[in-house]
Amino acid sequence: MGKYIFVTGGVVSSIGKGIATASIGRMLRNRGFSVAPIKLDPYINVDAGTMNPYQHGEVFVTNDGAETDLDLGHYERFMDVDCVRDSNVTAGRVYKAVIDKERKGDYLGNTVQVIPHITNEIKERILLAGRLQNADVVIAEVGGTVGDIEGLPFLEAIRQLRKDVGSENCMYIHVTMIPGVGPWDELKTKPTQHSVIKLREIGIAPDVLICRSKKPLSEEMRDKISMFCDVQRAGVIEALDAETIYEIPLMYERSGLGDLVADRLGLPRTEPANMMEWEEIARRANAPSKSCRIAIVGKYIENRDAYLSVQEALIHAGIAHDCRVHLDWIDSTTVEDQGAERALANVDGVVVPGGYGSRGAEGKILAIEYARTRNKPYLGLCYGLQMAVIEFARNVLGLTDANTEENDQQTPYPVVHLLPEQRNIDDKGATMRLGVYPCRLEPGSLAARAYGDAVAYERHRHRYEVNNEFRDQLEAAGMRLSGVSPDGKLVEIIELIDHPYFIASQFHPEFKSRPNRPHPLFFGLVQAVLEPSDRAVVQSAQASAV
Ligand code: GLN
């Protein structure tokens, strides 16, 4: 029988439950255990793919092409595992499966109800996640906050699982907040007490409380929380804000949480946890000797979570270079209003991340023109490749009004057009080109040097592609199509020959970056920023991994 950790959240949303879950996973990995993280999302969307990045933040894409909640990105980066479609269970997926079974007659005339049918479906998916990934420990995070109506079937399911798997094999961790109120920021435990009462009403007694707080908790405060919430004293964990999120597993480890979890679940404690690699990551992240400034030019800048993996990938590249990467978040519509010269005056490099639609697209094109003509290192991600091709077509090839069919159906020069297999698709959900595909790298190119390899396997999420009719013209003018699909039909990477570092990918490299293994394209960007030269000598990122 496997082991199970259930993580819930109380008081407010956005208190870092995902990072707490990811950090617990890291502590177990550092003890040599395998983990299968799973995120249970109570919303009715079947997946996060149809959700607005303003509301929901980034859509994280797994190797197997699922469009998932951004917490899976934290899991992958912290636990160094690859999540799969089944790592994200939404209420929408659960209900859809149950309704499909009902239509097939699988319930043999029974009345189909939330309990037991929906809860059974949730439980099966949690148990399946552990079995499929052959994990020592399944860590299941329930999205939302205790007390939310839509979360109830999920909480009921994890309550029932205690009986199913045995209470010695599972534990409940509640992430809560201790707010500071009044002029002296007096810490208050009452919201936590209420949140735990709510949880106990449902039948779940937490083993651990992770208490997010701006100030350290006094001994009395911990005693009080322990007593009123009926949680053992050692299970009251103080979780202060950290300088960098990569320090959080270390902070938890110091507070004894790792050992507490291992003991509670009866996991063998053969050797002390090996935290060395993570100490080195945190050390490099906290006190780097160099710094640089890189602009992220996008249209969802008001919600930075929309670019979470891009942000983290830049930080990882910085860690490898002993460099603090300051991020300048630039709304692409501002570039349209102010001009690129002003908007990008202080930056050393430019990233145009993924995007959709026409709003702000012209600003991205201006930013790319600026990077190209001023020899500023540039990395384009998906839409950032498509916009770079449009910019080059317009300003170098002289194809005025060149565009992507996504934004101008009538353009005389559709340099970016719909993928052929997308032509007859009407549904919006899960219909893009998704997940991992191989990409052949042209020997000697910047891309091949950066990867130090001949093939790259990268994750995709797009409907449009470079129009092959324009390939010869682009290449003749100095744009190298340095990465293509194995059959050669699809452009996956472009780069500029006469530029120190100008590279863009049709895929999303940011999803595969890890704090101890920066992604080569991000690593190369920071390197080009730190060592400006006519032609960046990009060495393989592996060489500088922690
Ligand atoms: N909108 C573009 C497409 O669908 C780019 C998508 C993206 O950046 N992820 O192809």
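We count ligands from 1, going down the list as the structure has it; atoms in each ligand are counted the same way.
- Taking the six-membered ring for Trp and the full ring otherwise, His316 and Tyr246 have centroids separated by under 6.0 Å.
- Ligand 1 lies less than 4.0 angstrom from a heavy atom belonging to His508.
- Counting only heavy atoms of the protein, atom 10 (O) of ligand 1 lies nearest to Tyr464 N, 2.9 Å.
- Cys382 SG, 3.0 Å is the protein heavy atom nearest to atom 7 (C) of ligand 1.
- Here Tyr300 and Trp329 keep their ring centres 6.0 angstrom or further from each other.
- Polar contact check, Gly355 against ligand 1: a nitrogen or oxygen pair lies under 3.5 Å apart.
- Proximity of the aromatic rings of His499 and Tyr378 is defined here by a centroid distance below 6.0 angstrom, and this criterion is not met.
- One finds the CD1 atom of Ile15 at 7.0 Å from the OG1 atom of Thr145 (value rounded to the nearest 0.5 Å).
- Considering backbone and side-chain atoms alike, His462 places every N or O at 3.5 Å or more from each N or O of ligand 1.
- With a heavy-atom cut-off of 4.0 Å, Glu465 does not touch ligand 1 at all.
- In summary, the atoms of ligand 1 found under 4.0 Å from a heavy atom of Glu406, numbered by their order in the structure, are 1 (N), 2 (C), 3 (C).
- At a threshold of 4.0 Å, the pair Arg461-Glu67 counts as salt-bridged, since one of the basic side-chain nitrogens sits closer than that to a carboxylate oxygen.
- Ring to ring, Phe511 and Phe60 are close: their centroids are under 6.0 angstrom apart.
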(Q) Please determine whether salt bridge (charged side-chain N to carboxylate O under 4.0 Å, His left out) holds for the pair Asp82 and Arg459, giving the CA-CA distance in whole Å, both sets of side-chain angles, and the decisive distance to 0.1 Å. (A) CA-CA 12 Å; Asp82 285 336; Arg459 301 184 194 176; 3.6 Å; yes

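- Taking every heavy atom of Arg461 and a limit of under 4.0 angstrom, the matching atoms of ligand 1 come to 6 (C), 7 (C), 9 (N).
- For ligand 1, the atoms closer than 4.0 angstrom to any heavy atom of Gly354 are 8 (O).
- Remark: minimum distance from atom 4 (O) of ligand 1 to any protein heavy atom is reached at Arg463 N, 3.0 Å.
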